[in-house]
Amino acid sequence: MRKRLDGLAALVAAERPDVICLQETKVQDHLFPASEIADLGYSHQAVHGMKGYNGVAILSRHPLIAPEPRDWCGRDDCRHIFAGVDSNGPLQEIEVHCLYVPAGGDIADPLKNPKFAHKLDFIDAHTHWWTARGAAGPPRFLMGDLNIAPLQSDVWSHARLKNTVTHTEIEIQRLLNMQKAGRWVDVMRWFLADDEEAFTWWSYRAADWREANKGRRLDHIWASRQAAEQVDAVHIMRDARDWAPASDHVPVTVRLKG
DNA sequence: ATGGTAGGTACCCTA
């Protein structure tokens, strides 16, 4: 995060979002650059970070209501925080979830690779949680790095990546189960044809990411039905892949009606 | 079949 303040300022200049969700902040809460971010207009912040790895944060122009960091699978690994926020629109209070799903390592076999097992367990734990929470509560959004590209059009080559972690059948099924359990709408796909390529991540390990274009849609914005109906635009900020210093992920934005 | 880059930390781990 501390390395990305210029990128955050560029995002703010381009889109002026009311709420921003960050993943992989890699900073402990007491070292989070709160005043610099407040100076950008985001004085309301809910952070859940640790040293060196993971970390999530919600930044807002409007007060955050009852922020709640959550730990999963018995680990203190700072991958989820949520809060209420006044939308200043017809939805009134909405609940915003900022989520960072484990990447899962390289081998797509939970018996051989504990990181992949953790990824599946993490998603299943969310599935159970959303099932238990039911449909009650305010309209809600879930956004973040889910580290899974579910559709064929979410990857540069389904044939080449179907055995690669992020696009294997086992992960995709688990993610779709979670989506169903939370009655979530994949808002990005609402605004795109199912077969239209859409990527939010391009590896660092390409000499020219644009030329190779070996991207994946790992970052998602989901919404409850009522919240999804208030969305009037989705934007993948593809050009941000060239910002300096570059991130391998680009921001995705949704705009609400009104 | 392999190796390619980046960030944070402490000479390796995770992505």
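Chain letters run A, B, ... following the sequence lines, proteins first and then strands; every chain starts at 1. When reading the values below, keep in mind they use all heavy atoms of this one structure, side chains included, and skip hydrogens, waters and symmetry mates.
When rounded to the nearest whole Å, the span between CG of Asp6(A) and P of dG7(B) equals 13 Å. The nearest whole Å value for the distance from the CD atom in Glu24(A) to the P atom in dG8(B) is 10 Å. Distance CG (Asp145(A)) to P (dT14(B)): 17 Å, rounded to an integer number of Å. Rounded to whole Å, atom C1' of dC13(B) lies 10 Å from atom NZ of Lys26(A). In this structure, the CG atom of Asp248(A) is 18 Å from the P atom of dG4(B), given to the nearest Å. Here dA15(B) presents its C1' atom at 16 Å from CZ of Phe116(A), a figure rounded to the nearest Å. Rounded to whole angstrom, the span from the CZ atom of Arg205(A) across to the C1' atom of dT2(B) amounts to 12 Å. In this structure, Gln23(A) atom CD and dA15(B) atom P are separated by 14 Å, rounded to whole Å.
Using a 4.0 Å cut-off on heavy atoms, the residues of residues 47-59 of chain A that approach DNA chain B are Lys51(A), Gly52(A), Tyr53(A), listed by number. Contacts of residues 103-114 of chain A with DNA chain B (heavy atom under 4.0 Å): Ala103(A).
Distance alone, capped at 3.5 Å, is enough to place a donor-acceptor pair between the His128(A) side chain and the Asp124(A) backbone. Under a 3.5 Å cut-off, the side chain of Asp248(A) and the backbone N or O of Ser203(A) do not form any donor-acceptor pair. In terms of modelled atom types and a separation under 3.5 Å, the side chain of Arg241(A) and the main chain of Trp201(A) share no donor-acceptor contact.
Ion pairing between a basic and an acidic side chain is recognised when a charged N comes within 4.0 Å of a carboxylate O; Asp232(A) and Lys257(A) show no such pairing.
Pairing partner, dG4(B): none, since no Watson-Crick or wobble contact has both distances short of 3.5 Å. For dC11(B), there is no paired nucleotide, since no Watson-Crick or G-U wobble pair has both relevant distances below 3.5 Å.
Residue pairs meeting the ring pair (Phe, Tyr, Trp, His ring centres under 6.0 Å) criterion with at least one partner in residues 139-169 of chain A, sequence neighbours excluded, are His158(A)-His167(A).
Each of His249(A) and Lys3(A) has a nearest nucleotide on DNA chain B; the 5'-most of these lies closest to Lys3(A).
Ring geometry for His126(A) against Phe122(A) counts as tilted: the plane angle lies between 30° and 60°, on a 0 to 90° scale.
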Fill in: Residue pair Glu169(A), Gln173(A): steps toward the side-chain hydrogen bond (donor to acceptor under 3.5 Å, both in side chains) verdict
CA-CA 6 Å; Glu169(A) 190 59 30; Gln173(A) 279 312 318; 3.0 Å; yes
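dT5(B) and dT9(B) have their P atoms separated by 22 Å, given to the nearest Å. Annotation: dG3(B) and dA15(B) have their C1' atoms spaced 15 Å apart (nearest Å). When the P atom is used for both dA10(B) and dA6(B), the distance is 22 Å, rounded to whole Å.
Residues His80(A) and His97(A) bring their aromatic ring centres within 6.0 Å.
Nucleic acid contact class of Arg79(A) (heavy atoms, under 4.0 Å, all strands): sugar-phosphate only.
In Arg2(A), the CZ atom is crowded: over 12 heavy atoms of neighbouring residues, nucleotides or ligands sit closer than 6.0 Å.
Side-chain atoms of Trp209(A) and Asp242(A) form a donor-acceptor pair, as typed in the model, at a separation below 3.5 Å.
Using a 4.0 Å cut-off, some side-chain N or O of Arg4(A) falls inside it from OP1 or OP2 of dG7(B).
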